[in-house]
**Student:** 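Please find one structure pasted underneath; my questions will follow.
Being a predicted model, the structure only gives us computed values, none of them experimental. In this chain, residues are counted from 1 in sequence order.
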Amino acid sequence: MNETRPKTPPTYEQLRTMAGQELGVSEWTLVDQNRIDEFAECTGDHQGIHVDRERARRRSPFRTTIAHGYLTLSIIGALALEMGIVPENTQAAFNYGFDKVRFIAPVKVGARIRLRTTLMSMEDRGPGQYLMKAANTIEIEGEEKPALMAETLAMFYERRRKAGG
């Protein structure tokens, strides 16, 4: 697999011509029980498959706790920032939504995951506004199947130069 990491953030001009190209691959990140428990606390989702180790060991087909699908999905933003794919000269970037999300394989406690992102499109949405659509795959170290695949939408606002500046 081609491991690419941007050395410097891309420009808006570069991104307009990069549809279909891989933007980067993040470092591996650990999904431990503490992270799962904190997510359960934040969301109120305390299902045993996520937070009850003994019950999961006895009753789960995975024989251990697994990360919430939405926890795995929520990690995309942080890993994308780590990869440096936000264009240079960006004033603000916002999640705009998802076109498609598929949860493919569970992330077992103690697994390491990483993000692989490919640019699908970069669309002008007005002066200094751009909508990026990206194909994201969360890979699980040592597993054949990915945890999830998601088409994300992000709205970027380019920092505008002040008149006379």
**Student:** Measure the shortest side-chain to side-chain distance between Tyr157 and Thr90 over non-hydrogen atoms and say whether it is less than 4.5 angstrom.
**Tutor:** no

**Student:** What residue pairs, at least two apart or across chains, pass ring-ring contact (aromatic ring centres under 6.0 Å, His included) with a residue in residues 39-58?
**Tutor:**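 Of all non-adjacent pairs touching residues 39-58, those that pass ring-ring contact (aromatic ring centres under 6.0 Å, His included) are Phe39-His68, His50-His68.
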
**Student:** Checking the side chain of Asn136 only, and the main-chain atoms of Ala150 only, is there a donor and an acceptor separated by less than 3.5 Å?
**Tutor:** yes

**Student:** State, yes or no, whether a side-chain contact exists between Arg159 and Asn89 at a heavy-atom distance under 4.5 Å.
**Tutor:**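 Result yes, sub-4.5 Å side-chain heavy-atom pair found.
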
**Student:** Are the side chains of Met122 and Pro87 in touch, meaning some heavy atoms are under 4.5 Å apart?
**Tutor:**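 Of all side-chain heavy-atom pairs linking Pro87 with Met122, at least one is under 4.5 Å.
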
**Student:** Is there a side-chain contact between Leu71 and Val107 in this structure, where contact means two heavy atoms from C-beta onward sitting under 4.5 Å apart?
**Tutor:**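 SC-SC contact between Leu71 and Val107 ruled out.
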
**Student:** Taking side chain to side chain contact (heavy atoms under 4.5 Å, CB included) as the definition, give me every residue that meets it alongside Arg58, ordered by chain and number, with sequence neighbours left out.
**Tutor:**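 Only Glu54, Arg55 meet the side chain to side chain contact (heavy atoms under 4.5 Å, CB included) criterion with Arg58.
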
**Student:** So do the side chains of Glu82 and Glu27 get within less than 4.5 Å of each other, counting heavy atoms only?
**Tutor:**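 Yes; the side chains approach each other to less than 4.5 Å.
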
**Student:** Kindly give the heavy-atom pair with the smallest separation between Pro146 and Met149, and that separation in Å.
**Tutor:** CG-CG, 4.3 Å

**Student:** With sequence neighbours excluded, what pairs up with Glu141 under the side-chain hydrogen bond (donor to acceptor under 3.5 Å, both in side chains) test?
**Tutor:** Arg112

**Student:** Would you name the heavy atoms of Ala56 and Gly48 that are closest together and state the gap between them?
**Tutor:**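 So the minimum-distance heavy-atom pair works out to CB-O, 4.2 Å.
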
**Student:** Name all pairs fulfilling the salt bridge (Lys or Arg N to Asp or Glu O under 4.0 Å) condition that reach into residues 83-94, sequence neighbours left out, sorted by first residue then second.
**Tutor:** none

**Student:** Taking ring pair (Phe, Tyr, Trp, His ring centres under 6.0 Å) as the definition, give me every residue that meets it alongside Phe156, ordered by chain and number, with sequence neighbours left out.
**Tutor:**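 Partners of Phe156 by the ring pair (Phe, Tyr, Trp, His ring centres under 6.0 Å) criterion come out as none, since no residue qualifies.
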
**Student:** Return the minimal non-hydrogen interatomic distance between Gly24 and Met83, and the atom names on each side.
**Tutor:** C-SD, 3.3 Å

**Student:** Nearest 0.5 angstrom please: Glu22 CD to Met18 CE, how far?
**Tutor:** 10.0 Å

**Student:** Among all residues two or more places apart in sequence or in another chain, which pass the side-chain hydrogen bond (donor to acceptor under 3.5 Å, both in side chains) test with Ser60?
**Tutor:** none

**Student:** Check whether any side-chain heavy atom of Thr117 sits under 4.5 Å from a side-chain heavy atom of Met132, and report yes or no.
**Tutor:** no

**Student:** Does anything in residues 104-129 pair up under ring-ring contact (aromatic ring centres under 6.0 Å, His included), and if so which pairs, sequence neighbours excluded?
**Tutor:** none

**Student:** Please report the interatomic distance CZ(Arg53) to OG1(Thr65), rounded to the nearest 0.5 Å.
**Tutor:**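 Here the rounded value is 6.5 Å.
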
**Student:** Of all residues at least two apart in sequence or in a different chain, which pass the salt bridge (charged side-chain N to carboxylate O under 4.0 Å, His left out) check with Glu123?
**Tutor:**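 Glu123: salt bridge (charged side-chain N to carboxylate O under 4.0 Å, His left out) contacts with Arg125.
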
**Student:** How long is the gap from OH on Tyr12 to OG1 on Thr17, to the nearest 0.5 Å?
**Tutor:** 15.0 Å

**Student:** For the residue pair Ala134 and Met120, what are the closest heavy atoms and their distance?
**Tutor:** C-SD, 3.8 Å

**Student:** My understanding is that only residues two or more places apart in sequence, or in another chain, count here; which of them pass side-chain hydrogen bond (donor to acceptor under 3.5 Å, both in side chains) with Glu144?
**Tutor:**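 Applying side-chain hydrogen bond (donor to acceptor under 3.5 Å, both in side chains) to Glu144 gives none.
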
**Student:** Residues in side chain to side chain contact (heavy atoms under 4.5 Å, CB included) with Glu143, at least two apart?
**Tutor:** Ile140

**Student:** Please enumerate all residues that pass side-chain hydrogen bond (donor to acceptor under 3.5 Å, both in side chains) together with Arg35, with sequence neighbours excluded.
**Tutor:**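 Checked Arg35 against side-chain hydrogen bond (donor to acceptor under 3.5 Å, both in side chains); matches are Thr29.
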
**Student:** I need the Thr137 OG1 to Lys145 NZ distance, nearest 0.5 Å.
**Tutor:**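 Result: 14.5 Å between the selected atoms.
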
**Student:** Quick one: OG on Ser121 to CG on Leu153, what's the gap to the nearest 0.5 Å?
**Tutor:**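 The OG atom of Ser121 sits 8.0 Å away from the CG atom of Leu153.
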
**Student:** Show me, pair by pair, the donor-acceptor contacts under 3.5 angstrom made by side chains of residues 91-106, not counting sequence neighbours?
**Tutor:**
residue, atom, partner, partner atom, Å
Asp99, OD2, Lys133, NZ, 2.9

